[in-house]
Amino acid sequence: MRAKDFLAIEQLTAGELASLIERAAQLKQRPFSASTSLANRTIALLFQKPSLRTRVSFEVGIQHLGGHCMYLSPAEVGLGEREAAADVGRVLSRYVDGLVARTYFHSDVEALAAASSVPVINGLSDRSHPCQILADLLTVHERFGRIEGLTIAYVGDGNNVTRSFIEAAPLAGFQLRVACPERYEPDPEAVAAARLADGDVEVGHDPVAAVRGADVIYTDAWFSMGQEAEREARAAVFPPFRVDEKLLSHASDHAIVMHCLPAHRGEEITEAVLDGPHSVVFDQAENRLHAQKALLAELFGGAG
């Protein structure tokens with residue numbers, strides 16, 4: 001990779017993205033084949049938001065790569081409140097060999113990376129969720145043997161996951177159709193940048209049109225941590241975008257259904273779909289481990 005940090009999918013070239021997915025697939029088959037990549041190295045997980053998949057997958061992955069993991073909770077650091085993000089980055093750079101940050105604001109991840117002398121990985125921010133998309137594309141590749149030329153339909157909130165998919169579309173060569181309620185569309189600048197890079201990205205307000213003939217249907221929660229005050233307003237406009245069996249019937253017969261979890265069963269997705277034969281949600285969750293191991297091994301130059 002060209003940069004020492006990994007803050008967004010847009011940092012990658014098409015070749016780098018393909019290489020990470022290929023390496024993740026290899027590590028899934030041979031989990032300890034890069035077991036010296038993080039030898040004698042300590043990676044700190046600096047989290048403002050609680051997590052199941054991000055924390056556990058990184059902790060296990062770091063151990064598989066021969067490293068040591070340290071979890072820093074919001075109460076211990078107070079990122080951006082008790083202490084400025086830049087100062088936290090400067091201090092932790094003197095103790096650890098890398099940082100994984102899970103923050104409310106993307107500006108805090110950027111400040112950490114700018115001030116740190118060690119690699120910083122974006123484990124989630126309000127703008128971007130790049131590690132999730134690495135795992136998602138690995139899952140798609142496993143199911144179809146390719147990513148290029150497929151159609152991925154994203155239905156729901158135009159959030160950080162959506163933006164990372166938009167950034168990935170021109171790199172991986174898939175068509176992305178996004179269907180959101182009005183006023184909840186993804187960042188238009190990200191859409192324009194993807195199209196400028198020859199990305200096939202469509203944004204609309206009709207979920208049926210988005211999923212018609214699609215190979216992949218993807219959804220996410222209608223509101224994220226920090227948006228609880230908007231729950232009532234969102235609950236009034238998002239139900240037509242629920243992924244249920246009726247919506248699924250408009251996709252290809254071979255379509256897979258994805259969700260980055262946690263899911264609010266009965267809201268953005270029904271139990272029948274989440275637990276049904278088209279769902280790959282839990283394979284997708286597992287693949288966080290393998291994709292992040294590939295990223296760590298690449299950043300730290302370990303032999304694969």
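Nothing fancy with the numbering, it's 1 onward along the sequence. No hydrogens, no waters, no symmetry mates; every other heavy atom, side chains included, goes into these values.
- With S164 contributing its side chain and V161 its backbone, the two residues share no donor-acceptor pair below 3.5 Å.
- Here the side chain of H106 pairs no donor or acceptor atom with the backbone of R127 at under 3.5 angstrom.
- Side-chain atoms of S57 do not come within 3.5 Å of backbone N or O of L289 as any donor-acceptor pair.
- Residues satisfying the side-chain hydrogen bond (donor to acceptor under 3.5 Å, both in side chains) criterion with D220, sequence neighbours excluded, are N159.
- Scanning for ring pair (Phe, Tyr, Trp, His ring centres under 6.0 Å) contacts around H64 gives F32, with sequence neighbours left out.
- Residues meeting the ring pair (Phe, Tyr, Trp, His ring centres under 6.0 Å) test with F282, sequence neighbours left out: none.
- Residues forming a ring pair (Phe, Tyr, Trp, His ring centres under 6.0 Å) with F58 (at least two apart in sequence, or on another chain): none.
- Applying the side chain to side chain donor-acceptor pair (under 3.5 Å) test to residues at least two apart or on different chains, the pairs with a partner in residues 79-88 are D87-R90.
- With respect to V109, the side-chain contact (heavy atoms from CB on, under 4.5 Å) criterion is satisfied by exactly one of N122, L46, I121: N122.
- Annotation: F238 is not in aromatic contact with F223 [ring centroid separation under 6.0 Å not met].
- Applying the ring pair (Phe, Tyr, Trp, His ring centres under 6.0 Å) test to F174 and every residue at least two apart in sequence or in another chain returns nothing.
- Formation of a donor-acceptor pair under 3.5 Å by the D108 side chain with backbone atoms of A85 is not found in this model.
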